[in-house]
Amino acid sequence: MSELIVKPAANPEADGTILTVTPESAGWEYVGFQVAKLVAGEKLSRESGDQELCVVLLSGLANVSTREHTWENIGKRMSVFEKIPPYSVYVSTSDQIEVTALTELEIAICVAPGKGTYPSRLIAPEDVGVEGRGYGNLERHIHNILPEQKEADSLLVVEVFTPDGHWSSYPPHKHDRDALPDESLLEETYYFRVQPEQGFAIQRVYTDDRSVDETLAVKNGEVVLVPNGYHPVGAPPGYEVYYLNVMAGPTRTWKFHNDPDHEWLFKK
């Protein structure tokens, strides 16, 4: 199996965590990512320390609290494929978060270095930017949970719905050079869900010199690591593909470079 794919654990940890990516495990500097699944009544807590967190309620209802705030009975969708924006909580440095599941609950914990610049806050569905992107079989649906226009020190968080038979993160682009204003260096994780669950997504990760050139069949619940290179995604006919992107790097801005071989598609 490719080292770029991280699979969920067969047996969850005591707090429901089923998947963990750390900078150390990924071999990079900035992005951490976890997924946890809880049943009603179970709790999960995290200390932020010198990191900032964005905790996304992927599905289910929960009570969530930080040191200074409590939000009760939040959550709106029972499946990511309802395609309505989620509730999320931004957690600043030197804070903590506790999540109590009110129903079956799946959460994503997005992690990157923080400076404590901004206070912890709720990101409600109405705070999430919704947009369509692309045309024809390049069309996809975007939820901008924590884009660069919203307050955070490092994290960029977005979710994407790719209809069956469509492509996204396409035409291929990359963001692996700290070369602003032309391109920013951003590590990235893709957390995939597929409907129906027995399906798969296709993701290619490749560099200009082809020192990295992998084509991945990604199953429901897996994560793909994108340390560098172009990284388009395809949804096979009959299967809808969802992914949650987490990005972070030395500068919090998304400036990407298109693969010159395929940039002509923008001119259609």
Side-chain angles (χ1 to χ4, degrees), residues 5-22 25 31-49 51-91 95-111 120-125 127-128 143 145-146 155 157 159-161 189-201 218-224 239-246:
I5 293 179
V6 181
K7 292 180 174 290
N11 298 306
E13 297 178 20
D15 64 359
T17 302
I18 60 168
L19 189 150
T20 297
V21 174
T22 66
S25 70
V31 172
F33 182 74
Q34 290 187 310
V35 176
K37 292 184 177 181
L38 309 177
V39 299
E42 289 187 327
K43 295 184 179 183
L44 176 145
S45 61
R46 290 286 186 276
E47 298 277 345
S48 59
Q51 309 289 298
E52 63 179 5
L53 315 178
C54 181
V55 178
V56 182
L57 276 64
L58 296 173
S59 61
L61 306 178
N63 293 335
V64 181
S65 62
T66 61
R67 287 199 171 100
E68 295 186 359
H69 304 282
T70 297
W71 300 281
E72 294 187 344
N73 196 29
I74 63 171
K76 194 172 182 180
R77 62 191 190 191
M78 294 295 108
S79 164
V80 296
F81 290 102
E82 292 179 23
K83 301 175 187 174
I84 55 178
Y87 279 85
S88 305
V89 175
Y90 172 81
V91 185
D95 204 343
Q96 66 179 18
I97 188 168
E98 182 174 87
V99 180
T100 303
L102 302 178
T103 64
E104 287 190 0
L105 180 71
E106 182 180 20
I107 61 173
I109 304 168
C110 315
V111 184
S120 300
R121 68 184 187 275
L122 179 70
I123 303 172
D127 300 321
V128 175
H143 290 163
I145 297 169
L146 196 57
L155 280 169
V157 182
E159 59 182 16
V160 179
F161 300 84
T189 55
Y190 276 68
Y191 175 60
F192 283 88
R193 300 301 304 272
V194 181
Q195 186 180 53
E197 292 186 358
Q198 72 270 24
F200 59 92
V218 191
K219 297 178 182 178
N220 183 60
E222 295 181 341
V223 164
V224 171
Y239 294 94
E240 286 190 276
V241 170
Y242 162 95
Y243 53 80
L244 179 72
N245 285 143
V246 182

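We're numbering straight along the sequence, starting at 1. Scope of the values below: all heavy atoms of this structure, side chains included, with no hydrogens, waters or symmetry mates. Keep in mind that what you see is a predicted model, and the values were worked out from it rather than measured.
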Query raised in the report: Among side-chain atoms of Arg46 and Thr17, is any donor-acceptor pair under 3.5 angstrom?
Result: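 A pair is found: one side chain offers a donor N or O, the other an acceptor, under 3.5 Å apart.
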Nearest non-hydrogen partners of [X] and [Y], listed with the distance:
X	Y	answer
Glu42	Lys37	OE1-O, 4.3 Å
Pro86	His143	CD-ND1, 4.2 Å
Val128	Pro85	CB-CB, 3.8 Å
Ala201	Val194	N-CG2, 4.3 Å
Ile18	Pro12	CG2-CB, 3.6 Å
Leu155	Val246	CD2-CG1, 3.7 Å

Taking the side chain as every heavy atom from C-beta outward, state whether [X] and [Y] have any atom pair closer than 4.5 Å.
X	Y	value
Ile109	Leu44	yes
Gln96	Ser45	no
Asn245	Tyr190	yes
Val224	Tyr243	no
Glu222	Phe192	no
Asn63	Thr70	no
Leu61	Met78	yes
Val31	Val21	no

Report task. Using the salt bridge (charged side-chain N to carboxylate O under 4.0 Å, His left out) rule, take Glu47 and Arg67 through it: C-alpha gap first, then chi angles, then the decisive distance, then the call. Result -> CA-CA 10 Å; Glu47 298 277 345; Arg67 287 199 171 100; 3.1 Å; yes
Query raised in the report: Hey, mind stepping through Val55 and Val64 against side chain to side chain contact (heavy atoms under 4.5 Å, CB included) and telling me if it holds?
Result: CA-CA 10 Å; Val55 178; Val64 181; over 6 Å; no
Query raised in the report: Would the number of heavy atoms belonging to other residues, nucleotides or ligands and lying under 6.0 Å from CD of Gln198 be above 12?
Result: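 More than 12 heavy atoms, drawn from other residues, nucleotides or ligands, come within 6.0 Å of this atom.
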Report task. Look up atom OG1 in Thr100 and atom CD in Glu72, then write down how far apart they are to the nearest 0.5 Å. Result ->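 Thr100 OG1 to Glu72 CD: 10.0 Å, rounded to 0.5 Å.
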Requested in this report: Go through the steps to decide whether Phe33 and Leu244 satisfy the test side chain to side chain contact (heavy atoms under 4.5 Å, CB included), and finish with yes or no.
Outcome: CA-CA 10 Å; Phe33 182 74; Leu244 179 72; 3.9 Å; yes
Report task. Evaluate side chain to side chain contact (heavy atoms under 4.5 Å, CB included) for Leu122 paired with Tyr87, printing each intermediate quantity in order. Result -> CA-CA 8 Å; Leu122 179 70; Tyr87 279 85; 4.0 Å; yes
**Report entry** Parallel, tilted or perpendicular: ring planes of Phe81 versus Tyr242, cut at 30 and 60 degrees
**Finding:**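 Taking Tyr242 first and then Phe81, their aromatic rings stand perpendicular (interplane angle over 60°).
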Query raised in the report: Run the side chain to side chain contact (heavy atoms under 4.5 Å, CB included) check on Glu159 and Ile145 step by step: do they pass?
Result: CA-CA 7 Å; Glu159 59 182 16; Ile145 297 169; 4.1 Å; yes
**Report entry** Presence of salt bridge, Glu106 and Arg77, under 4.0 angstrom
**Finding:**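 Looking at Arg77 and Glu106, the cut-off is not met.
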